[in-house]
Amino acid sequence: MSEASNLSGKVIKPGGTIGILGGGQLGRMLALAGRNMGYRFVTLDPTDDAPCGQVADEQIQADFDDVKAARKLATLSDVITYEFENVDAHVTNILMNESYVPQGSELLYTTQHRLREKRAIEAAGVPVAPYAEITSAADLREAAERFGTPCVLKTATGGYDGKGQWVLRSLDEVDEAYETLSRAKTELVLEQFIHFDKELSVIAARSPRGEVKAFPAAENIHVHNILHQSIVPARIPAQVQKEAEELAVRIAESLGVIGLIAVELFLTKDGQLYVNELAPRPHNSGHYTMEACRTSQFEQHVRAICNLPLGSTELLSPVVMVNLLGEHIVPLQELIDRPDFLEHSELGVSAKVHLYGKKEAKEKRKMGHINLLTSDVAKALTWIEQTGIWESK
Ligand code: AMP
């Protein structure tokens, strides 16, 4: 069969306009990658001068539930994507009816809700931490007794970066934890606490023609529940890297993903992998791909939603990605014009700085990241220590 007859789904060729729901840094990096490929961009975001609005051809400044604005986005776009997962279902329907949203609404529906997401992962034959649906304090007590403490109570919707979570250290906390999290007026889920050795993530892409590719697994280090570093290659056995990448491909296929899916995983000391959660979009832990892989996650997402062949995910260099939060900007600015900052010849580390164009450097706000390319990730970790930028973490 010729390649052309293998194609299924619409192809959006360069010159077309990609609409992005959301104007944050993920949209910005998506637009920058897609512009290099010849696409035009329009973004919808309520904030003035949004990071993506600065680099897109146009920003529609309106709330995400503004129906008129969603219609305008639909009219201007040949294809629509999103850079966050809590997209209003009503708006998704308008966009699906009036434009082309290859990612569909089902994946959003699944990943917006922890219980639905866990069931979908299990249906793909991939393990998740043992969990229970919680609808009362009595449920919580029974499940916490079964799992033992610590265990983690989470809201099914709306949580991110550790928000909407309660780690129960003892059964004495049952009533307070239930009362506090049930105020969120969403279902709750209790998870067994996984005493993980490492947290990993794998980003996979799938296109309408059914092509699937995974990026190399990243080892992620969080500080105060916010991603601090991604280390690639992850310092785990090659067999586990391969297994993690295979799990992500299996999930992408089973969920019929179009575009990117980020799979966050726990790895235990005895080599068992559990999926923690999914994100159907570019992911902070995939920023390392921008210089370290032959194709970045952003280019790959554009390729996937436009139904172009996917790019190679080959890792070109070991890399450490380190996030720049609001509190890191002043120390960064003090160092950024130093001649040895970009190329540290003694350590053999090359630093690529990415900033997102956010004016206010609020504490804990994601302002940018640095990709440290090196022959050996240990050298990049030394560079991070030596600069002192992250001392205040
Ligand atoms: P999440 O919002 O689900 O990504 O959780 C935020 C962080 O809490 C994770 O990155 C883990 O460090 C920790 N965490 C979440 N769930 C569990 C669990 N079941 N066992 C151990 N740690 C967890």
Side-chain angles (χ1 to χ4, degrees), residues 1 3 5-12 18-22 26 30 74 77-128 156-157 201-215 217 243-265 273-283 286 295 297-311 313:
M1 206 190 312
E3 195 140 288
S5 61
N6 238 342
L7 296 181
S8 73
K10 191 160 143 185
V11 177
I12 310 294
I18 300 177
I20 308 178
L21 212 51
L26 299 177
L30 202 59
S77 309
D78 297 303
V79 54
I80 292 183
T81 185
Y82 45 81
E83 57 131 42
F84 62 99
E85 53 267 58
N86 288 318
V87 184
D88 186 274
H90 182 52
V91 166
T92 317
N93 282 338
I94 292 175
L95 299 176
M96 300 248 304
N97 289 334
E98 301 185 18
S99 185
Y100 172 55
V101 188
Q103 289 163 279
S105 58
E106 208 174 311
L107 184 62
L108 276 175
Y109 180 74
T110 304
T111 55
Q112 276 169 355
H113 193 283
R114 284 188 193 275
L115 283 165
R116 292 199 286 263
E117 182 175 279
K118 286 178 192 302
R119 288 177 194 130
I121 297 165
E122 287 178 308
V126 173
V128 294
T157 60
S201 60
V202 177
I203 295 168
R206 184 171 173 276
S207 70
R209 62 179 86 188
E211 196 184 2
V212 190
K213 281 195 171 145
F215 285 99
E243 207 182 305
E245 288 155 25
E246 282 168 3
L247 291 187
V249 167
R250 207 180 311 156
I251 288 173
E253 281 174 342
S254 171
L255 272 68
V257 169
I258 302 295
L260 296 179
I261 184 93
V263 180
E264 295 182 25
L265 299 144
L273 287 164
Y274 297 97
V275 173
N276 175 28
E277 60 180 359
L278 307 177
R281 52 169 172 76
H283 195 259
T295 308
Q297 64 166 342
F298 301 103
E299 176 179 341
Q300 197 76 309
H301 186 69
V302 171
R303 291 187 160 278
I305 59 169
C306 292
N307 206 7
L308 296 179
L310 297 181
T313 55

Would the distance check show the side chain of Glu245 and the main-chain N or O of Ala217 forming a donor-acceptor pair, the cut-off being under 3.5 Å? yes
d(Thr157 OG1, Arg116 CZ) to nearest 0.5 Å is 8.5 Å
So with a 6.0 Å cut-off around OH of Tyr109, is the heavy-atom count from everything else above 12? no
In short, salt bridge (charged side-chain N to carboxylate O under 4.0 Å, His left out) pairs touching residues 90-105 with sequence neighbours left out are Arg71-Glu98
Correct closest heavy-atom pair for Glu83 and Ile20 would be CG-CG2, 4.1 Å
With sequence neighbours left out, the residues meeting side chain to side chain contact (heavy atoms under 4.5 Å, CB included) with Thr92 are Val87, Met96, Ser105, Leu108
Salt bridge (charged side-chain N to carboxylate O under 4.0 Å, His left out) filter on Glu299, not counting sequence neighbours, yields Arg303
Rounded to the nearest 0.5 Å, the OG atom of Ser99 sits from the CD1 atom of Ile94 at a distance of 12.0 Å
Q: Determine yes or no for a side-chain-to-main-chain donor-acceptor pair under 3.5 angstrom, with Arg250 supplying the side chain and Gly125 the backbone.
A: yes
ask   = Where do His301 and Thr81 land on the side-chain hydrogen bond (donor to acceptor under 3.5 Å, both in side chains) test, with the steps shown first?
value = CA-CA 9 Å; His301 186 69; Thr81 185; 2.9 Å; yes
**Asked** Salt bridge between Arg206 and Glu253, side-chain N to carboxylate O under 4.0 Å?
**Response** no
Scanning both residues in full, the closest heavy-atom pair of Pro102 with Val79 reads CD-CG2, 3.4 Å
Rounding to 0.5 Å, atoms OG1 (Thr110) and CG (Leu115) come to a distance of 12.0 Å
Residues Ala204 and Ala252: closest non-hydrogen pair is CB-CB, 4.4 Å
OH (Tyr82) and CG (Leu107) are apart, to the nearest 0.5 Å, by 5.0 Å
Using the rule given for side chain to side chain contact (heavy atoms under 4.5 Å, CB included), can you reason through Ile305 versus Gln103, listing the C-alpha separation, both sets of side-chain angles and the distance that settles it, and then say yes or no? CA-CA 7 Å; Ile305 59 169; Gln103 289 163 279; 4.0 Å; yes
Open item on the list: Using the rule given for side chain to side chain contact (heavy atoms under 4.5 Å, CB included), can you reason through Thr313 versus Thr295, listing the C-alpha separation, both sets of side-chain angles and the distance that settles it, and then say yes or no?
Closed with: CA-CA 6 Å; Thr313 55; Thr295 308; 5.7 Å; no
| When you measure from the side chain of Glu117 to the backbone N and O of Leu278, does any donor-acceptor pair fall under 3.5 Å? | yes
In terms of heavy-atom contacts, Phe84 and Gly22 come closest through CE2-CA, 3.7 Å
Heavy atoms of Asn276 and Lys118 approach each other most closely as O-NZ, 4.2 Å
